[in-house]
There are 2 protein chains.
Amino acid sequence: MNDPNIPLCNPLLKLDNQLCFSVYALSRLITKTYQPLLDTLGVTYPQYLVLLLLWEHESLTVKELGEKLLLDSGTLTPLLKRMEQRGWLSRRRATHDERSVIATLQPAGRALEQQAQEIPVQLGNCLDMTIEQISDLRQQLKPIISQLNK
Amino acid sequence: MNDPNIPLCNPLLKLDNQLCFSVYALSRLITKTYQPLLDTLGVTYPQYLVLLLLWEHESLTVKELGEKLLLDSGTLTPLLKRMEQRGWLSRRRATHDERSVIATLQPAGRALEQQAQEIPVQLGNCLDMTIEQISDLRQQLKPIISQLNK
DNA sequence: AAATGTTTAATTGTGCACAACCTAATAGGA
DNA sequence: TCCTATTAGGTTGTGCACAATTAAACATTT
């Protein structure tokens with residue numbers, strides 16, 4: 001009994017029933033929808049997220065970026081180096097604590113903000129949802145994210 | 001006017017207001033939550049998704065896997081080759097159409113189904129949501145996915 | 001049958017993501 | 001002070017994702 005060659009037909013093991021797959025697929029679809037919009041700025045989606053934060057805060061340490069984006073230095077360091085090479089930001093050690101690296105927006109990075117103004121609007125059109133629906137869904141995801149981020 | 005060095009403070013360009021980031025972050029958090037569970041099977045999350053489909057359908061072409069998972073051959077081919085090397089599935093050209101490659105579950109892959117039985121339950125515990133909440137959220141994401149997948 | 005167009009995978013190259021590990025700087029005690 | 005532990009980034013290696021290109025098999029048209 002329990003022959004390993006017989007299917008078990010556990011409904012919980014069906015792709016269609018998995019919230020996880022829906023989130024995974026939606027995330028990639030959203031990135032793909034952003035792509036042509038971000039191509040006009042020459043940035044990738046994760047780079048765009050870094051820019052969103054720097055447009056708002058001007059200067060942030062790698063640690064702060066990591067906390068806000070839930071990314072570690074293994075992802076951020078090479079990503080920030082590419083952005084530095086393009087002149088969008090600078091990277092330097094903090095003088096008061098040589099362990100910290102501060103990323104600071106450069107004029108070329110600030111200039112991209114102008115071109116990005118219409119991106120959220122255009123993406124909203126692609127989603128075919130109202131502002132309320134979008135905001136509502138975001139509020140639903142919030143507690144799940146903080147639950148998993150413990 | 002429109003000095004590129006002055007912040008614009010467009011609220012739509014704030015990370016906190018972006019549904020997109022929530023989905024992106026949640027997707028990575030879910031994968032990270034699966035990780036220790038999948039480690040006991042020795043599979044990655046995308047490989048687990050392929051197994052879910054093969055446990056149900058036994059045999060699928062690369063094209064069919066791609067349609068169901070929304071992944072292209074550039075992702076699937078190397079992934080399936082790794083799974084083939086581990087003996088979980090076989091890859092062979094279809095005799096009636098030599099363009100198609102059929103992935104077929106092998107006994108070693110079927111055996112993993114036994115060990116996977118508890119994974120959805122354990123993940124449900126981590127999410128701290130009821131079956132109804134999970135199902136409800138999945139229903140909400142469905143139309144957004146099909147909208148973007150056009 | 002020959003020419004043309006389409007479908008299906010595979011390949012190549014870039015950029016994340018992340019685990020595991022390493023190093024230097026700092027903080028906190030004994 | 002010295003010793004220990006902690007913190008912040010960086011490095012390395014593996015595995016996705018995906019765009020762009022290629023090639024072979026099949027379908028269609030003439």
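For the numbers below, each heavy atom of this structure counts, side chains included, while hydrogens, waters and symmetry mates do not. Remember, predicted model here, so these are calculated numbers, not experimental data. Order of the sequence lines sets the chain letters (A, B, ...), proteins ahead of strands, with each chain counted from 1.
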Using a 4.0 Å heavy-atom cut-off across all strands, classify B:Leu76 as base, sugar-phosphate, or nothing. nothing

Whole-Å distance separating the CG atom of B:Asp97 from the C1' atom of D:dA24: 11 Å

Using a strict cut-off of less than 4.0 Å between a Lys/Arg side-chain nitrogen and an Asp/Glu carboxylate oxygen, indicate whether A:Glu84 and A:Arg91 qualify as a salt bridge. yes

Nearest-nucleotide check on DNA chain C, A:Leu70 vs A:Glu98; residue mapping nearer the 5' end is A:Leu70

Which whole-number value in Å describes the distance from A:Asp72 CG to D:dT7 P? 16 Å

Is it the case that the side chain of A:Thr130 and the backbone of A:Gln133 share a donor-acceptor pair, with hydrogens and angles ignored and the cut-off at 3.5 Å? yes

Of all heavy-atom pairs linking B:Ser73 and B:Pro78, the shortest is O-CD, 3.9 Å

Of A:Thr95 and A:Arg86, the one whose closest DNA chain C nucleotide lies more 5': A:Arg86

Kindly state which residues belonging to residues 43-63 of chain A come within less than 4.0 angstrom of DNA chain C, counting heavy atoms of the residue only, listed by number. A:Thr44, A:Pro46, A:Gln47

Which heavy-atom pair separates B:Tyr34 from A:Gln18 by the least distance, and what is that distance? OH-OE1, 3.1 Å

Which residue lies more 5' along DNA chain D, comparing B:Pro78 with A:Glu64 via nearest heavy atoms: A:Glu64

Residues forming a salt bridge (Lys or Arg N to Asp or Glu O under 4.0 Å) with B:Glu118, sequence neighbours excluded: none

Establish whether A:Val62 and A:Ile102 are linked, either directly or via other cluster members, by ILVMFWY side-chain heavy-atom contacts under 4.5 Å. no

In terms of hydrophobic clustering (I, L, V, M, F, W, Y; side-chain heavy atoms under 4.5 Å; direct or indirect links), are B:Leu37 and A:Leu12 co-clustered? no

note: B:Ile102, atom CD1; D:dA25, atom P; distance rounded to Å ~ 16 Å

Would you call the rings of B:Tyr45 and A:Tyr24 parallel, tilted or perpendicular, where under 30° means parallel and over 60° means perpendicular? perpendicular

In whole Å, what is the span from the CZ atom of A:Arg93 to the P atom of D:dA8? 12 Å

Classify the nucleic acid contact of A:Ser100 as base, sugar-phosphate or nothing, counting any heavy atom under 4.0 Å across all strands shown. sugar-phosphate

Measure the distance from CD on A:Gln35 to C1' on D:dA19 and round it to the nearest whole Å. 9 Å

Boundaries of the chain B footprint along DNA chain C (any atom under 4.0 Å from a heavy atom): C:dT7 to C:dA19

If I compare all heavy atoms of A:Trp55 with all of A:Ala116, which pair ends up nearest, and what's the gap? CH2-CB, 3.5 Å

